[in-house]
Amino acid sequence: MSKTAIKICPKCSGIKGKHLKEVLTKDDYSCGCFGKCLKKNPELEGKAYARINGKLVACDSRKKLIKKMVAAVA
């Protein structure tokens, strides 16, 4: 899977690279803004989210989102 298939924004999404260390390799994801900042998207408040295969995926917990990321890479 390409590095850009999963993209996280450490500032807004609730997921940081250290949370993914044990389950994904650095080649599986990239970090940076993907245009869903909390300031402009208040409906994402309290959720963990990332862009997976070009789609925004939001979950109620970091753990659930990480499971979806691992499934996308598998």
Side-chain angles (χ1 to χ4, degrees):
M1 180 159 283
S2 69
K3 185 173 182 173
T4 57
I6 297 174
K7 190 160 188 179
I8 60 170
C9 174
K11 183 177 179 183
C12 297
S13 68
I15 299 286
K16 295 185 180 3
K18 68 181 182 180
H19 299 128
L20 303 175
K21 236 188 222 180
E22 296 177 15
V23 292
L24 296 174
T25 67
K26 284 213 174 226
D27 291 335
D28 292 331
Y29 66 93
S30 64
C31 294
C33 181
F34 54 84
K36 291 293 179 182
C37 298
L38 285 176
K39 197 178 229 183
K40 295 179 183 176
N41 299 278
E43 69 277 6
L44 295 172
E45 182 75 37
K47 301 217 182 256
Y49 57 94
R51 188 166 300 281
I52 301 174
N53 295 324
K55 295 181 182 177
L56 180 68
V57 177
C59 296
D60 293 329
S61 73
R62 197 179 317 158
K63 195 173 186 178
K64 288 179 185 177
L65 181 61
I66 291 172
K67 284 182 182 181
K68 288 189 180 201
M69 288 179 181
V70 170
V73 172

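None of these values were measured; they are calculated from a predicted model.
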Colleague: Please, which pairs that meet side chain to side chain donor-acceptor pair (under 3.5 Å) have at least one residue in residues 61-73, sequence neighbours excluded?
Modeller: H19-R62

Colleague: Check the surroundings of atom CD in E22: do more than 12 heavy atoms from other residues, nucleotides or ligands lie under 6.0 Å from it?
Modeller: no

Colleague: Could you work out, with side chain to side chain contact (heavy atoms under 4.5 Å, CB included) as the rule, every residue matching K11, not counting sequence neighbours?
Modeller: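 K11 satisfies side chain to side chain contact (heavy atoms under 4.5 Å, CB included) with C9 only.
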
Colleague: Within the 4.5 Å heavy-atom criterion, are L44 and L56 side-chain neighbours or not?
Modeller: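 Yes, their side chains come closer than 4.5 Å.
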
Colleague: Which heavy atom of S13 sits nearest a heavy atom of Y49, and at what distance?
Modeller: CB-O, 2.8 Å

Colleague: Begin with the C-alpha distance, continue with both residues' side-chain angles, and end with the deciding distance and a verdict on side chain to side chain contact (heavy atoms under 4.5 Å, CB included) for L20 and I8.
Modeller: CA-CA 10 Å; L20 303 175; I8 60 170; 3.9 Å; yes

Colleague: For K47, enumerate each residue passing the salt bridge (Lys or Arg N to Asp or Glu O under 4.0 Å) test, keeping only those at least two apart in sequence or located in another chain.
Modeller: D60

Colleague: Rounded to the nearest 0.5 Å, how far does CD1 of I6 lie from CG of L65?
Modeller: 8.5 Å

Colleague: Can you give each donor-acceptor pair under 3.5 Å made by side-chain atoms of residues 32-41, sequence neighbours left out, with the distance rounded to 0.1 Å?
Modeller:
residue, atom, partner, partner atom, Å
N41, ND2, C37, O, 3.1

